[in-house]
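A short worksheet on the structure shown next.
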Amino acid sequence: MGLAPHTDSSLITLLHQSSNATGLQISGDGGNLWIPVNPIPGALTVNVGDLMHIATNGQFKTALHRAVVNRTRHRVSMAYFYGTPQEVKISPPMKLVDVDHPLLYQPVTWKEYLDAKGKYFNRALEFIKCEALFIADRCRQL
């Protein structure tokens, strides 16, 4: 089946790939260059998700990735998405926010973010960005 390019909404994703075929690819430049993530026997792949991106004020970047079909070999992947309880607000610790590193995103719960992701898909991070006119005042008050 494969999966279209996307980021994970979680804090982190732990992924086990069967070692007999590649299929996971990570973007090297926003979707124009795709790099295969070759499975390593006994190893897990860890993807930084959107909530980690928010919680670190953009210091850990969310990983744009996709899964492509391997037409000659079967491939099995198992993913575990780790996040927070749905009602907990996600925002960076104040030591990551200063004059040189302003708050990038408004605090958001995982549930609120999933709602934004469902509506705006890969533009959800842009939707909650503090530079957006309709939320800039709200971010300055935080």
- Item | Any side-chain heavy-atom pair of Leu24 and Arg75 under 4.5 Å |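 They are in contact (side-chain heavy atoms under 4.5 Å apart), so the answer is yes.
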- Item | Non-hydrogen side-chain atoms of Val46 and Thr13 separated by less than 4.5 Å |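 Side-chain contact under 4.5 Å: no.
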- Task: Report the C-alpha separation of Asn47 and His65 in whole Å, then their side-chain angles, then the decisive distance to 0.1 Å, and conclude whether the side-chain contact (heavy atoms from CB on, under 4.5 Å) test is met.
- Result: CA-CA 9 Å; Asn47 284 345; His65 59 282; 3.6 Å; yes
Cluster overlap [X] with [Y], hydrophobic side-chain contacts below 4.5 Å:
X      : Y      : answer
Tyr113 : Tyr120 : yes
Phe60  : Ile26  : no
Trp34  : Val37  : no
Phe81  : Ile90  : no
Tyr80  : Ile12  : yes

- Item | Within 6.0 angstrom of Leu33 CG, more than 12 heavy atoms from elsewhere |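 More than 12 within 6.0 Å, yes.
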Quick one: [atom1] on [X] to [atom2] on [Y], what's the gap to the nearest 0.5 Å?
X      : Y      : atom1 : atom2 : value
Asn57  : Met94  : CG    : CE    : 9.0 Å
His16  : Met78  : NE2   : CE    : 5.5 Å
Glu126 : Tyr105 : CD    : OH    : 8.5 Å

- Query: Hey, mind stepping through Lys111 and Asp115 against salt bridge (charged side-chain N to carboxylate O under 4.0 Å, His left out) and telling me if it holds?
  - Reply: CA-CA 6 Å; Lys111 181 180 181 334; Asp115 290 345; 3.5 Å; yes
- Item | Partner of Ile54 by side-chain contact (heavy atoms from CB on, under 4.5 Å), out of Leu11, Leu104, Leu125, Thr62 |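 Testing each of Leu11, Leu104, Leu125, Thr62 against Ile54, the sole residue satisfying side-chain contact (heavy atoms from CB on, under 4.5 Å) is Leu125.
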Whether the side chain of [X] engages the backbone of [Y] through a donor-acceptor N/O pair (distance < 3.5 Å, no angle test) should be reported.
X      : Y      : value
Glu112 : Thr109 : yes
Asn122 : Pro5   : yes
Asp98  : Asp100 : yes
Lys61  : Val48  : no
Ser91  : Pro107 : no

- Please walk me through it: do Phe121 and His6 pass ring pair (Phe, Tyr, Trp, His ring centres under 6.0 Å)? CA-CA 8 Å; Phe121 193 56; His6 66 282; 7.2 Å; no
Closest heavy-atom pair and its distance - [X], [Y]:
X      : Y      : value
Val97  : Pro92  : CG2-CG, 3.9 Å
Ala116 : Phe127 : CB-CD2, 3.9 Å
Ser18  : His74  : OG-O, 4.5 Å

- Test side-chain contact (heavy atoms from CB on, under 4.5 Å) applied to Ser10 and Leu51, step by step: CA-CA 5 Å; Ser10 57; Leu51 292 184; 5.7 Å; no
Donor-acceptor side-chain pairing of [X] and [Y] below 3.5 angstrom:
X     : Y     : value
His53 : Asp50 : no
Thr22 : Asn38 : no
Lys89 : Thr84 : no

- Item | side-chain contact (heavy atoms from CB on, under 4.5 Å) between His101 and Leu96, intermediate numbers included | CA-CA 7 Å; His101 305 94; Leu96 295 180; over 6 Å; no
